[in-house]
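Below is one structure, written out as structure tokens; comments come after it.
In what follows, every chain begins at residue 1, and chains take the letters A, B, ... in the order their sequences are listed. Excluded from the calculations below are hydrogen atoms, water molecules and symmetry mates; all remaining heavy atoms, backbone and side chain alike, are included.
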Protein chains: 2
Amino acid sequence: MAIVQTSPGRRALTKKSAAVEAAPEGEIYERIVGAIIEHRLPPGTQLIEEKLAAVFGVTRSRVRTVLARLAHEKLVTVHRNRGAFVAAPSVDEARDVFGARRLLEPALLEQVTERATARDIAALRAHVKKERAARAANDRQAIIRLSGEFHLLLAQIAGNALVLEMLKELSSLTCLIIILYDAPALPACPHEEHGGIVDAIEKRDLRGASELMVKHLDHVESSLRLVSEQSAEIDLQEVFAPGLR
Amino acid sequence: MAIVQTSPGRRALTKKSAAVEAAPEGEIYERIVGAIIEHRLPPGTQLIEEKLAAVFGVTRSRVRTVLARLAHEKLVTVHRNRGAFVAAPSVDEARDVFGARRLLEPALLEQVTERATARDIAALRAHVKKERAARAANDRQAIIRLSGEFHLLLAQIAGNALVLEMLKELSSLTCLIIILYDAPALPACPHEEHGGIVDAIEKRDLRGASELMVKHLDHVESSLRLVSEQSAEIDLQEVFAPGLR
DNA sequence: GTAGACTCGATTGTCGACAATATGCTAGCG
DNA sequence: CGCTAGCATATTGTCGACAATCGAGTCTAC
């Protein structure tokens, strides 16, 4: 599990401005997810039920159900009797996320290339354009968000609601992982690779699209520093008795 | 959504023998899942919190969290202010489940054929043997359960914990779907198709294994009567104003 | 100065009670 | 005789309070 505690002694939430009007459960969920994937809540931060309740103007129990849902989606991890924390996926977990995407997404393209209408393609192109704009404006948050949404758009075209949900979860997790493991300087996002995929889809070139997608995912993954630096026990082994096991 | 109410006036739970010793949350979950996939709780049955609480010797709140989890996994559907019911996937949802499996599982075999050790293969063979025995004994419940577990075994060999979880959920849902849509007489389960897949894996024949897997899933799906007979709203449209929309 | 035990504060887990809601039934009315 | 409105009941949703638990910091002994 290896929760990476944010360094300066468990930074907790700072109370937001008093927007104390009861928010419905869905909204609370959305807003927390938004805060996480835009890394206003960095991995490792504790989510204190009472404070969240106060912020959203609801009681703890409602916050609790939302946190449970987030836990199921692995966006937060809850430690029994200790609380809920924004998830900090381990290296292995991060690899699993990319692995799952490599299984789903290329295969998904089969249906996409078959079923995509002209309208769909136009929507994809429009999206790519938005991404380009965001990149030009150097709006890192928008880049990450749009980059994720592109893949969801594909799932939507494929027309399988269940897979769409799965990819939503995987996409959020990917955001978290990028935040955690990205060398913070470079954008680490696809330079126009999405555009190429759309081209292939338009040509109904399943083979090409799939290959591009795999390459794309590999590219994103390899741009991260997915080496186990922070996995406590193993490191100790390696540090003090290198080579001998 | 189209909940198929079990015909004779919403059959509710009949209280079990008084095993009133507090069960931990995990156990409650397991037992309910077990009851669902072995169709001791048929699709559509209402799960009344208080009665479950009594059965398991816990308070309603604990049952509540378990039901929430089951809802997230789509094994039960909750209607606000009305309660939780064992899920009864619509035809579309059923198709989506098979669609998702067709995406995941053939692709999964790439890693399986690469990584399967002799030990793994032996385990698979042993499992197939168990399935054969269950089929010989005509133990329908065991057949369904083992049939699902075979696929989980594959996911385990592939070594991606996330994908394993996804398949677990898909597998449970598949059980539900089989119960719902199977022509109740015939077993509708793979006649030895699993064995063939293992053969292909042993030969490291990715291509063959994938094809067999797709064929296998198609076979299971097509053995079901996945025609929309019971989808309320659309049927009404179609029945009373055919052609005109 | 360090290790270990202890206390205290903060936070979560659980429970019971009450309010809100939907459903089925009954009675009254057209 | 059918239909609507209202009532009664069963079940869920929500809240507040209390108990359990954990971590941090402190204090003491060596």
When you compare the protein's N or O atoms with those of nucleotides 15-18 of chain D, which come within less than 3.5 Å of each other, and at what distance?
unit_1	atom_1	unit_2	atom_2	d
D:dC15	OP2	A:T59	OG1	2.4

Nearest whole angstrom, please: distance from the [atom2] of [N] to the [atom1] of [X].
X     : N      : atom1 : atom2 : result
B:F85 : D:dT11 : CZ    : C1'   : 10 Å
B:I48 : D:dT12 : CD1   : C1'   : 11 Å
B:E49 : D:dT14 : CD    : P     : 11 Å
A:E50 : C:dT11 : CD    : C1'   : 8 Å
A:H79 : D:dG23 : NE2   : P     : 10 Å
A:R80 : C:dT11 : CZ    : P     : 19 Å
A:R82 : D:dA20 : CZ    : C1'   : 15 Å

- Task: For B:D218, enumerate each residue passing the side-chain hydrogen bond (donor to acceptor under 3.5 Å, both in side chains) test, keeping only those at least two apart in sequence or located in another chain.
- Result: B:R102
- With sequence neighbours left out, which residue pairs that include part of residues 160-177 of chain A fulfil the salt bridge (charged side-chain N to carboxylate O under 4.0 Å, His left out) condition? A:E165-B:K74
- Query: Does a donor on one side chain sit under 3.5 Å from an acceptor on the other, for A:E73 and A:Y29?
  - Reply: yes
- Message: Between B:D96 (side chain only) and A:A161 (backbone N and O only), is there a donor and an acceptor less than 3.5 Å apart?
- Response: yes
- Query: Should the pair B:F150 and B:H127 be assigned to parallel (<30°), tilted (30 to 60°) or perpendicular (>60°) ring geometry?
  - Reply: tilted
